[in-house]
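Notes follow once the structure below has been shown.
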Amino acid sequence: MPSVLTALPSLSDQAERLIELDVHRIAGLPADQLRNVAGIAGSLLVVRPDLAPASALAPLLQVNGKPGFVVSDMSDIDEFAPISSVKLPNVPLYVIRDLDRGDAMANWSPDEALPAIADAGRTPLTLTEGLHWLMQQPDALARGRCFMTIGSRRRKPGGALDARTPAVWISNGTGRDGPANRNAPKVGWCWAGNRHTWLGFASASGRKSLGA
């Protein structure tokens, strides 16, 4: 699963980008805590979702000059939590390494992709990790080359998984999206058993803690 894009900005540049977008304020973290991070080059800096939830991050995306939005039937977006096989570091800030958009799995279903990602020794991105990626590298999202973030799922009150799986793609501005959102980054969902030719499955080689 080779990476498909150019190198990420340095961690210091990523920290400044998050500060510029006020993500540190959303998370209740001092700006210097982000500025003092250090890690492996090529890693993506991420704030834990309990501090910076998807509902707060989605509008910060800027793709094609348009801000991101969440589909109207996903008002429960922040209930999509890491699946059991995804263990987030228990610190406010962490990094993920070796990002891949998963283009090779386009037209696979989430149910098919998850075991293949695990068999390759990789981990699926969570929704907020995918949003952090797009805040740093908007060109990771292109029409016909978008991705799902199947490291996040919602559990129903009885414990069963909601059949929806989160994804980020580019809106056509039709239906409830509205024409003003044409070409905007769209946070939505697809059924776990369905296939889509324009959606890959974002993954990484692993996660690493940064100092609290």
Side-chain angles (χ1 to χ4, degrees), residues 1-5 49 53-55 57-59 61 63-64 66 68-86 88 96 99-134 137-179 181-204:
M1 293 186 183
S3 295
V4 296
L5 296 166
S55 61
L57 299 181
L61 302 183
V63 177
N64 300 318
K66 298 286 188 73
F69 71 100
V70 180
V71 293
S72 59
D73 56 353
M74 204 176 179
S75 59
D76 53 1
I77 186 172
D78 292 335
E79 296 177 23
F80 284 75
I83 60 177
S84 58
S85 63
V86 171
L88 301 187
I96 53 179
L99 295 172
D100 185 84
R101 193 168 56 191
D103 293 357
M105 292 188 192
N107 210 33
W108 291 35
S109 73
D111 288 341
E112 294 166 331
L114 183 59
I117 290 171
D119 287 347
R122 295 178 63 83
T123 180
L125 260 59
T126 66
L127 176 55
T128 56
E129 289 169 348
L131 298 180
H132 276 81
W133 187 8
L134 294 176
Q137 262 189 333
D139 62 353
L141 203 68
R143 188 168 292 282
R145 286 290 183 267
C146 304
F147 59 84
M148 302 197 72
T149 53
I150 58 174
S152 295
R153 296 289 294 273
R154 177 183 175 272
R155 288 203 176 272
K156 299 178 181 179
L161 284 175
D162 189 313
R164 296 173 295 167
T165 53
V168 192
W169 68 95
I170 295 176
S171 173
N172 288 324
T174 56
R176 287 179 291 182
D177 290 1
N181 283 322
R182 178 171 174 77
N183 295 323
K186 170 179 177 176
V187 181
W189 57 270
C190 300
W191 300 119
N194 285 7
R195 299 174 177 175
H196 298 279
T197 57
W198 70 94
L199 289 173
F201 294 86
S203 68

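Nearest approach of Ser203 to Ile117, heavy atoms of both residues: CB-CG2, 4.1 Å. A pairwise comparison of heavy atoms in Leu199 and Phe147 identifies CD2-N, 3.7 Å as the closest pair. When all heavy atoms of Trp169 and Leu141 are compared, the closest pair comes out as O-CD2, 3.9 Å.
When atom types are taken as modelled, the side chain of Asp162 and the backbone of Arg164 share a donor-acceptor pair closer than 3.5 angstrom. Formation of a donor-acceptor pair under 3.5 Å by the Asn64 side chain with backbone atoms of Asn183 is found in this model. No side-chain donor-acceptor contact under 3.5 Å links Glu79 to the backbone of Asp76. A donor-acceptor contact shorter than 3.5 Å is absent between the side chain of Arg153 and the backbone of Ala81. With Gln137 contributing its side chain and Leu134 its backbone, the two residues share no donor-acceptor pair below 3.5 Å. The closest donor-acceptor contact from the side chain of Ser55 to the backbone of Asp78 lies at 3.5 Å or more, if one exists at all. In this structure, Asp177 contributes its side chain and Ser171 its backbone to no donor-acceptor pair below 3.5 Å. In this structure a side-chain-to-backbone donor-acceptor pair under 3.5 Å is missing from Lys186 to Phe69.
When side chains are defined from C-beta on, His132 does not count as touching Leu127, because their heavy atoms never get closer than 4.5 Å. Between Val86 and Pro124, some side-chain heavy-atom pair lies under the 4.5 Å cut-off.
Taking the side-chain contact (heavy atoms from CB on, under 4.5 Å) definition, one finds that Arg155 meets it with Leu161, sequence neighbours left out.
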